[in-house]
Every structure is written in structure tokens, then in C-alpha cells.
Amino acid sequence: MGKVLEGIRVIEQGTFITGPAAGMLLADLGADVIKVEQPGTGDPFRAFKGGLYSPHYQTYNRNKRSIELDARDPDDAQVFDALIESADVYIQNFRPGTAERLGAGEARLRALNPGLVYCAISGFGQSGPAAGRPAYDTVAQAASGFLNLLVNPANPRVVGPAIADSLTGFYAAYGILGALVERARTGLGRRVEVSMLEAMCHFNLDAFTHFLSEGEVMGPYSRPSVSQSYTLRCADGKWIALHMSSPEKFWRGLAEAIERPGIFDDARFATREGRIAHQEQLIEMLGEIFATRTREAWCARLLERDVPHAPMYDTREALQDPQARHLQIEIEGVHPRRGPWKTVRSPVTFDGQRPTQVRPPPELGEHNDEIRAWLRAGRA
């Protein structure tokens with residue numbers, strides 16, 4: 001359902017996250033994504049507990065087919081070229097210069113297929129003083145100024161998931177889709193470039209806009225203070241999140257829910273500006289109040305008064321929420337050898353049809369014979 005990229009073929013020679021994430025996003029939309037991997041070992045993200053099917057690999061490689069090809073083997077090189085000739089898109093996330101050494105540079109591949117959309121993903125860009133540096137998620141977050149907005153000054157350590165890796169994959173897919181739309185008009189492919197540094201600087205646009213327009217350097221608590229966001233511990237040890245924003249009606253609802261109708265008589269909390277300036281005092285006051293009831297009780301009271309809130313779920317809880325279950329966010333596919341496999345579906349719905357069908361990530365070389373036979377038969 002909703003396979004809007006059906007008929008588009010993508011050759012992905014990606015490893016770790018950025019390239020595979022871009023390929024997965026296109027695969028989720030119905031593209032035929034063929035993952036080209038090194039024989040025997042495959043994508044380095046596969047390695048896990050003596051096997052080649054890690055949770056990290058599974059995260060970014062559903063809805064694909066896998067073929068093992070060694071660029072140094074003449075037969076494999078011919079298979080790779082045949083795949084390129086049949087393809088609409090090629091994706092790689094090698095360090096600059098590596099693709100050329102592997103025979104997968106843009107000039108050679110475009111000679112095989114002038115309509116190819118060639119996507120090159122890097123850490124710091126294809127040129128410049130830092131182009132050759134190794135880049136991983138934390139490095140890109142730090143270089144873009146984004147990590148500075150996440151690290152708690154009182155406990156300075158890296159937190160959270162691989163945001164830069166995933167977002168770079170999103171931006172790459174975004175660029176590829178734009179190039180495909182143009183190619184429909186011109187018949188010619190484009191070179192699409194995106195780096196982790198550029199992706200994270202763009203994602204950090206709000207902080208840069210504040211600096212470039214007002215000279216303000218934002219910190220970890222700048223946005224939560226302005227948006228009036230809170231995380232509060234309840235009596236049962238569970239947590240709840242509030243995002244009060246600017247409408248006064250939300251604060252009136254909260255005052256009713258916490259049974260503190262006189263909160264606005266306090267000059268510190270009577271206005272939005274006051275609440276921003278005195279958020280630390282609000283955190284202390286609300287913390288004491290929310291510690292008196294369970295999370296379930298607070299959710300009921302806040303819901304009744306239309307206060308923006310949500311339980312601060314962990315991954316065991318989030319998909320069991322009634323709304324998440326209604327939206328069928330958790331889906332299941334069946335791998336021919338491994339059996340049932342569960343994941344979270346694509347969030348994009350077309351014409352009311354949720355994308356609930358999924359192909360589990362392929363084992364290394366799972367489609368070697370299938371793809372080779374298919375090429376020999378001339379059906380590529």
C-alpha cells in the first residue's frame with residue numbers, strides 16, 4: 001500500500017547508518033533497493049554476538065534485497081555494472097575518494113547510465129580542510145553546535161540516539177527525491193551530495209537563526225524555557241511531560257488540575273514572560289505537586305482540562321499506548337528463515353492506507369542467486 005516509488009530501483013552501497021537510512025526511506029516508499037555488500041562480512045553494522053544480524057543493522061535495512069559483490073572480482077564487477085545500468089539511484093557513504101578507488105565514482109557510473117541519480121554522503125563534505133576526517137554521529141553533532149544544546153552542564157555526557165546519522169539519511173533521501181522529480185522532466189540524473197555537518201547545521205537552524213538575527217547563543221535550556229516544557233516525577237516513580245507553550249488557556253487548565261487557582265496571583269507566574277524568567281521556581285513548585293499523585297491520575301486530570309501532556313514512556317511502554325495501537329505503529333513481517341520480525345512502520349500514509357506491510361532486513365547475500373539469475377534473464 002502507498003508504494004509511490006514502485007518501479008524505482010536503488011543500488012545502495014552503504015554502511016553503518018547514513019547510506020542505509022537513505023536507502024530504507026526510499027524502500028519504505030516502494031523502491032526496489034538492492035544493498036551491495038562485501039562478501040563474507042557485509043555491512044560492518046551487521047556484526048553482533050558472533051552473527052551478522054545485529055539490531056543496529058536491522059534498524060536501517062528493512063524492505064531491501066542483499067547481494068554480495070567483490071569489486072576486485074571481474075565477474076562481480078560485471079554484475080555491479082549491470083545493476084547500475086538498470087538503476088535509477090545509486091547511494092554511497094564512503095569517505096571522499098573511496099568510491100573512485102572501488103570503481104564506483106560518479107564519472108564511471110554516469111557513463112554507464114546518464115539518467116542515474118548519484119548520491120554521495122560524507123561526514124564533512126567532498127572537499128575542504130576537513131573532508132578526509134572520520135566522522136561519526138557525536139562528531140557531527142558537536143561540529144554543528146547541536147550537541148551543545150543537548151548536554152546537561154551539570155552532568156556533561158553524550159545522550160540520546162544517533163540523531164546526526166539518521167537525519168543525514170533523511171536529508172539524502174530528500175535530495176534524491178528532488179533529483180528524481182527533475183529527471184522526470186529532463187531525463188538526466190544529478191549528483192546529490194549531503195554531509196553530516198551540513199545536515200546537522202540545517203537541523204540546528206533555529207539556534208543559528210537566533211544567533212544570526214539577534215546575536216543570541218542558545219543553550220540547553222533556552223528552548224525548553226521559552227516553550228515552557230517540563231518533565232515531572234510522579235508519586236509512583238513514573239514521569240510525565242508538559243509542553244505549555246504560550247496560550248494562557250493551557251496554564252489556566254494546569255492551575256485547575258493542580259488545584260492551585262491562585263498561581264497567577266504570584267507576580268513571578270502571572271505572565272508568560274514571568275514564567276520564562278522564573279522557570280526554575282516553577283520546576284521546584286510543580287515537582288512537589290506532581291509527586292503527590294500517580295502518573296495515571298495526573299494524566300486523567302490534565303486530559304480533562306486539555307493541558308498538553310504525555311506520559312514519558314520508555315520503549316517498553318510507548319507502542320502499547322492506545323493511540324499508538326490505533327495507528328498500528330508496530331508492524332510485523334516474516335523472514336523466510338528467521339520467522340516473525342517486528343518493527344515500527346513508516347509514518348507516512350497515502351490515501352488513508354497505512355504502510356503496514358514490511359519485508360524484514362535481508363541476511364547477507366540472501367538474494368545473490370535471485371538477482372544474478374534475474375540479470376542473466378535480461379529482466380533488470
Side-chain angles (χ1 to χ4, degrees), residues 1-14 18-36 60 62-65 67 79-94 96 99-100 102-122 125-127 166-203 205 345-355 357 359 371 374-375 378-380:
M1 295 184 290
K3 301 300 184 184
V4 294
L5 290 185
E6 188 171 5
I8 296 294
R9 181 162 304 129
V10 178
I11 308 303
E12 178 219 297
Q13 207 164 11
T18 56
M24 182 194 72
L25 290 168
L26 301 176
D28 282 354
L29 294 178
D32 175 20
V33 178
I34 298 175
K35 186 176 180 72
V36 174
Y60 301 102
R62 67 191 185 200
N63 289 324
K64 301 177 185 179
R65 296 190 285 169
I67 184 171
V79 172
F80 178 76
D81 285 358
L83 287 173
I84 293 299
E85 288 170 351
S86 77
D88 299 283
V89 178
Y90 170 77
I91 300 171
Q92 54 94 340
N93 62 316
F94 303 127
E100 285 72 19
L102 294 176
E106 182 200 6
R108 197 183 84 80
L109 300 196
R110 190 161 309 287
L112 295 171
N113 183 349
L116 186 71
V117 173
Y118 185 103
C119 180
I121 303 171
S122 63
Q126 298 295 322
S127 62
S166 297
L167 281 170
T168 303
F170 270 86
Y171 280 110
Y174 160 78
I176 289 166
L177 291 173
L180 286 172
V181 171
E182 183 192 53
R183 194 192 66 169
R185 297 193 303 267
T186 67
L188 298 176
R190 282 272 192 178
R191 177 183 177 91
V192 177
E193 292 182 10
V194 61
S195 71
M196 296 173 70
L197 176 60
E198 291 165 294
M200 286 309 297
C201 283
H202 187 272
F203 188 70
L205 185 59
R345 67 170 175 82
S346 166
V348 182
T349 295
F350 294 98
D351 298 327
Q353 294 186 332
R354 295 172 185 147
Q357 297 178 351
R359 173 189 284 183
I371 294 171
W374 167 57
L375 289 170
R379 289 196 292 268

Legend entry - Lys/Arg-Asp/Glu bridge criterion (N-O < 4.0 Å) met for R108, D81: yes
Inset, instruction - Please identify each residue that fulfils salt bridge (charged side-chain N to carboxylate O under 4.0 Å, His left out) with R359, with sequence neighbours left out. - result: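 Result, salt bridge (charged side-chain N to carboxylate O under 4.0 Å, His left out) vs R359: none returned.
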Inset, instruction - Only counting residues at least two apart or in another chain, list the ones meeting salt bridge (charged side-chain N to carboxylate O under 4.0 Å, His left out) with E182. - result: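 Partners of E182 by the salt bridge (charged side-chain N to carboxylate O under 4.0 Å, His left out) criterion, ordered by chain and then number, come out as R190.
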Inset, instruction - For the pair D28 and R62, evaluate salt bridge (charged side-chain N to carboxylate O under 4.0 Å, His left out) and give the outcome as yes or no after the intermediate values. - result: CA-CA 8 Å; D28 282 354; R62 67 191 185 200; 2.7 Å; yes
Legend entry - Residues which pass side-chain hydrogen bond (donor to acceptor under 3.5 Å, both in side chains) with D88, listed by chain and number, not counting sequence neighbours: R183
Does the side chain of [Y] come within less than 4.5 Å of [X]'s, by heavy atoms?
X: L375; Y: I371; result: yes
X: T18; Y: Y171; result: no
X: Q13; Y: I91; result: no
X: P355; Y: F350; result: no
X: T168; Y: V194; result: yes
X: V10; Y: I34; result: no

So which atom in [X] and which in [Y] form the shortest heavy-atom distance, rounded to 0.1 Å?
X: Q126; Y: A120; value: NE2-CB, 3.8 Å
X: G125; Y: P96; value: O-CG, 3.5 Å
X: I121; Y: G19; value: CD1-CA, 3.8 Å
X: A21; Y: G169; value: CB-CA, 4.1 Å
X: A172; Y: V192; value: O-CG1, 4.4 Å
X: K35; Y: G14; value: NZ-O, 3.1 Å

Please round to the nearest 0.5 Å and tell me the distance separating atom [atom1] of [X] and atom [atom2] of [Y].
X: L188; Y: L116; atom1: CG; atom2: CG; result: 11.5 Å
X: Q92; Y: L109; atom1: CD; atom2: CG; result: 9.0 Å
X: L112; Y: L83; atom1: CG; atom2: CG; result: 11.0 Å

Legend entry - Residue pair T349 / R354, side-chain donor-acceptor N/O under 3.5 Å: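 No.
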With no hydrogens and no angle check, is any side-chain donor or acceptor of [X] less than 3.5 Å from a backbone partner on [Y]?
X: R65; Y: D32; answer: no
X: N93; Y: S122; answer: no
X: K64; Y: P20; answer: yes
X: D351; Y: Q353; answer: no

Inset, instruction - Determine, stepwise, if the pair V117 / L180 fulfils side-chain contact (heavy atoms from CB on, under 4.5 Å). - result: CA-CA 7 Å; V117 173; L180 286 172; 3.9 Å; yes
Inset, instruction - Classify the ring geometry between Y118 and Y90 as parallel (under 30°), tilted (30 to 60°) or perpendicular (over 60°). - result: tilted
Inset, instruction - Report the C-alpha distance between L26 and L177 in whole Å, list the side-chain angles of each, state the deciding distance to 0.1 Å, and finish with yes or no for side-chain contact (heavy atoms from CB on, under 4.5 Å). - result: CA-CA 9 Å; L26 301 176; L177 291 173; 3.9 Å; yes
